[in-house]
Participant: 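Got a structure here, written out as C-alpha cells. Questions coming.
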There are 2 protein chains.
Amino acid sequence: MAAQGVSRRERIRQTTLAEIRAAARRLLIEQGPQAVTINAVAREMGMSGPALYHYYGSHEELVGAVTADFFRELTQALESARDAYPAGEHGRRLLSACRAMRQWAITHPAEFRWVFGSPITSERRPGSARELAGRDFEQVFLEEVAALWHSRPFPVPAPEELDPSIRKQLAAYAASAGLELPVEVIHVFMSCWIRLDGLLCMEMLNQLDFLFTDMEPVFEECLREIAPRLGLAYEPPPGGAAR
Amino acid sequence: MAAQGVSRRERIRQTTLAEIRAAARRLLIEQGPQAVTINAVAREMGMSGPALYHYYGSHEELVGAVTADFFRELTQALESARDAYPAGEHGRRLLSACRAMRQWAITHPAEFRWVFGSPITSERRPGSARELAGRDFEQVFLEEVAALWHSRPFPVPAPEELDPSIRKQLAAYAASAGLELPVEVIHVFMSCWIRLDGLLCMEMLNQLDFLFTDMEPVFEECLREIAPRLGLAYEPPPGGAAR
DNA sequence: TATGTTTCCTTAATGCCTCTAAGCAAATTT
DNA sequence: AAATTTGCTTAGAGGCATTAAGGAAACATA
C-alpha cells in the first residue's frame with residue numbers, strides 16, 4: 001500500500017482520467033461540441049477508441065464528467081470573485097459573483113454553452129456528478145442572498161401578494177433544500193435569478209444577435225435593475241466599463 | 001404547361017418535400033432530435049437514404065427547412081392569438097400573443113426546443129429560410145408594441161438615461177430594420193422581450209426544474225410585471241387560471 | 001521466485017450515420 | 001421516336017458508439 005491508501009495504479013488512473021477530460025475540452029474549444037467523440041478523444045490521447053471505455057463507460061458518461069468539471073471550475077470562479085470582498089460585504093460579494101459568471105461565460109463560450117445549452121435531462125439524473133456540481137453552483141448565489149437578507153433584510157412582498165401556486169412551489173423547494181429562509185425572500189431571489197440567468201441564456205443561444213453586438217452594457221443594466229430589489233446600491237464594475 | 005406555370009412534377013415535388021418534413025417532425029416528436037437523421041426519415045418515407053438527397057442537399061439543409069416550418073407555424077399561432085382581439089386593442093392583442101407563444105411552447109415542446117435550443121449559427125446564415133422566418137417572428141411583437149406606442153404612448157426613459165453603448169446599438173438596429181420608432185421605445189421593447197423570452201429559454205433548457213414544476217404562474221407573473229411598463233393593465237388569461 | 005490475477009490496451013466486428021458515385025427506368029420534353 | 005430530365009436504386013468510403021476476444025505488462029501472493 002502506498003501512502004494515503006491510494007495505490008500507484010489508482011493515481012495513474014486518475015491522471016489519465018483528467019488527461020482524457022482535458023483532451024475532450026481541447027476538442028470542444030478547437031472544433032466544437034460535435035467533435036468531442038470517443039474516437040477523437042482517444043486519437044488525441046494516442047490510443048485506440050475502445051481503450052477509452054476502460055475509463056468512461058460511454059460517450060454520455062464522458063460528457064457528464066466534462067460537464068461536472070466545467071461546473072466546478074465555474075463555481076470556483078464565482079467563489080473567488082465573491083471572496084475578493086470581505087465576508088461582511090454581501091452586496092459587493094454578490095455583484096462580484098454575478099459579474100464573474102458572465103466573465104466566465106465570455107472567456108469560455110464553448111464550455112458555457114456546453115454546460116447550459118443542453119436541455120438533455122438524461123445525464124442530469126439525481127446523484128450524477130453533473131447534478132451535484134449543479135447544486136453547488138446554484139448554492140453560491142442563494143447562500144449569499146440569504147446572508148445578505150439576514151444581515152440587512154431587503155423589502156419583500158407580503159405573502160398574500162404572492163401567487164398561491166408559486167408560494168407553494170417555493171415552499172416545497174425550501175423544505176427539500178432545508179432552507180430556513182422565508183418564502184418571500186426566496187421569491188425575490190428567484191425573480192432576480194431568472195432575470196440574470198435568462199439574459200445569459202439568451203446571449204448564449206444567440207437570441208439577441210439581431211439587437212446587440214456587445215452585450216456587456218445590457219448585462220450591467222440588468223444588474224442595475226436587480227440591485228435595488230435586493231436593497232443594494234449598484235456600483236459599476238471595478239475596472240471601469242468592461243473588463 | 002399546367003395552370004399557374006407550375007408543372008405537375010413541381011407540384012408532386014413540393015408535396016414530397018412537405019411529406020419529408022412531416023416525417024422528420026414525427027421522428028422528432030416520437031424519438032427526439034437525435035432520431036431525425038437522413039436515413040431514418042427516408043426509411044419513414046419508404047425510400048432509400050440517398051434518395052433523400054434529391055430533395056434536401058444535406059442533413060443540415062433538412063434541419064433548416066424543418067426549423068423554418070416550425071417558425072412559421074409559431075408565427076401563425078401568434079398572429080391568430082393577436083387577431084382574436086380587434087385591431088385597436090393593442091394591449092390585449094400583445095398579451096394574447098405572449099400567451100400564445102408559451103402555449104405553443106407547451107403544446108409543442110420538442111419543436112420549441114428544436115427551434116430555440118440550438119446555438120448553432122451555421123444554419124442561420126443571412127438569407128436562409130430559417131433566418132427569414134425568424135425575422136417574421138420577432139416582427140409580430142415589435143409591430144404590436146410599435147402600434148401600441150403610436151396609439152397610446154407609454155412612458156419611456158429619457159435618452160440621456162440610456163447607456164450610450166446600448167443607445168448606439170439600438171439605433172443601429174432601428175436603422176437597419178427601417179424602423180421609425182424612437183430608440184427609447186425600442187429600449188422598453190427590448191427590456192420586456194428579454195424578460196419574456198429569457199424566461200421561456202430557461203424553462204426550455206430545464207434551468208428552473210429545481211425550483212418549479214409548474215411554470216404557468218411564473219409566466220403570468222412575468223406578464224404582470226411587463227404590462228405596466230407598456231402602459232397596460234394586466235388582465236388574467238381569458239380561460240381562468242391556466243389553459 | 002513462480003504463479004495467478006488484475007489492468008490496460010489492442011484488433012475485429014456490428015450496425016448506425018452522412019454523403020458521393022454510378023446506373024437503371026420511367027416521365028417528360030423536343 | 002429520340003433525347004433529356006427526374007426519381008430512385010445499390011455500392012461504397014469513411015466516421016461514429018459500442019461489444020467481444022485476446023495479448024502483454026504490472027501487480028499481488030504463495
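This one's a predicted model, so the numbers in the text were calculated from it and none came from an experiment. Letters go in sequence order (proteins before strands), and every chain restarts at 1.
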Participant: Let me know the distance between CD of A:Glu60 and C1' of D:dC16, rounded to the nearest Å.
Facilitator: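 A:Glu60 atom CD is separated from D:dC16 atom C1' by 16 Å.
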Participant: So, is A:Arg8 close to the D:dA26 phosphate, meaning a side-chain N or O under 4.0 Å from OP1 or OP2?
Facilitator: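 Answer no for this pair, as no side-chain N or O of A:Arg8 is under 4.0 Å from OP1 or OP2.
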Participant: Nearest whole angstrom, please: distance from the C1' of D:dT5 to the CD1 of B:Ile12.
Facilitator: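 Nearest whole value for this atom pair: 14 Å.
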Participant: Could you pick out which residue, A:Arg43 or A:Pro50, lies toward the 5' side of DNA chain D when each is mapped onto its nearest nucleotide?
Facilitator: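 Mapping each residue to its closest nucleotide by heavy atoms, the 5'-most match is A:Arg43.
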Participant: In whole angstrom, what separates B:Gln31's CD from C:dC17's P?
Facilitator: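 In whole Å, C:dC17 P and B:Gln31 CD are 10 Å from each other.
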Participant: Taking the side chain as every heavy atom from C-beta outward, state whether A:Leu62 and A:Val66 have any pair of such atoms under 4.5 Å apart.
Facilitator: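 Sidechains of A:Val66 and A:Leu62: in contact.
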Participant: I want to check one thing: is the phosphate of C:dC9, taken as OP1 and OP2, less than 4.0 Å away from some side-chain N or O of A:Tyr55?
Facilitator: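 Looking at the OP1 and OP2 atoms of C:dC9, one of them is under 4.0 Å from a side-chain N or O of A:Tyr55.
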Participant: When the ring planes of B:Trp193 and B:Phe141 are compared, do they come out parallel, tilted or perpendicular, using 30° and 60° as the limits?
Facilitator: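 Rings of B:Trp193 and B:Phe141: tilted, as their planes differ by 30° to 60°.
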Participant: Are any of B:Asn39's side-chain N or O atoms less than 4.0 Å away from OP1 or OP2 of C:dC16?
Facilitator: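 Checking B:Asn39 against C:dC16: no side-chain N or O falls below 4.0 Å of OP1 or OP2.
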Participant: Could you tell me the separation between the CD atom of B:Gln34 and the C1' atom of C:dC16, rounded to a whole number of Å?
Facilitator: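 For the pair B:Gln34 CD and C:dC16 C1', the rounded distance is 13 Å.
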Participant: If only side-chain N and O atoms count, and only distance matters, is there a donor-acceptor pair under 3.5 Å linking A:Glu79 with A:Thr75?
Facilitator: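 Result is no, nothing qualifies.
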Participant: Could you tell me if A:Trp104 and A:Glu111 have a donor-acceptor pair between their side chains, going purely by distance under 3.5 Å?
Facilitator: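 Per modelled atom types, A:Glu111 and A:Trp104 side chains form no pair under 3.5 Å.
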Participant: What nucleotide among D:dC16, D:dC8, C:dC9 has an atom nearest to a side-chain atom of A:Ala51?
Facilitator: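 Per side-chain heavy atoms of A:Ala51, the pick is C:dC9.
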Participant: Could you check whether the side chain of B:His54 and the base of D:dC8 have a donor-acceptor pair of N or O atoms closer than 3.5 Å, going by distance alone?
Facilitator: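 It does, because a donor-acceptor pair links the side chain of B:His54 to the base of D:dC8 below 3.5 Å.
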Participant: Separation of B:Glu10 atom CD from C:dT29 atom P, in whole Å?
Facilitator: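 Result: 12 Å.
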Participant: Taking 4.0 angstrom as the limit, do A:Arg99 and A:Glu220 come out as a salt bridge?
Facilitator: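 The answer is yes: the pair qualifies as a salt bridge.
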Participant: Have a look at B:Thr16 and say if it touches a base, only the backbone sugar-phosphate, or nothing, with a 4.0 Å heavy-atom cut-off.
Facilitator: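 No contact.
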Participant: Consider the side chain of A:Met47, meaning its heavy atoms from C-beta on, and name the nucleotide among D:dC16, C:dC9, C:dT7 that approaches it most closely.
Facilitator: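 Closest nucleotide to the A:Met47 side chain: C:dC9.
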Participant: For a quick test of reading the model: is some side-chain N or O of A:Ser48 closer than 4.0 Å to OP1 or OP2 of C:dT10?
Facilitator: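 Checking A:Ser48 against C:dT10: at least one side-chain N or O falls below 4.0 Å of OP1 or OP2.
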Participant: From C-beta outward on A:Arg13, which listed nucleotide comes closest to its side chain: D:dT9, C:dC19, C:dC8?
Facilitator: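 Nearest to the side-chain atoms of A:Arg13, counting from C-beta on, is C:dC8.
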Participant: Which whole-number value in Å describes the distance from B:Leu52 CG to D:dG7 C1'?
Facilitator: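 Result: 12 Å.
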Participant: Consider the side chain of B:Ser58, meaning its heavy atoms from C-beta on, and name the nucleotide among C:dC19, D:dA17, C:dT18 that approaches it most closely.
Facilitator: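 Of C:dC19, D:dA17, C:dT18, C:dC19 is nearest to the side chain of B:Ser58.
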Participant: OH of B:Tyr53 versus C1' of C:dA22: gap in Å, rounded?
Facilitator: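 In whole Å, C:dA22 C1' lies 17 Å from B:Tyr53 OH.
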Participant: Can you tell me the distance, in whole Å, between the NE2 atom of A:His59 and the P atom of D:dA17?
Facilitator: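 So the two atoms are 5 Å apart, to the nearest Å.
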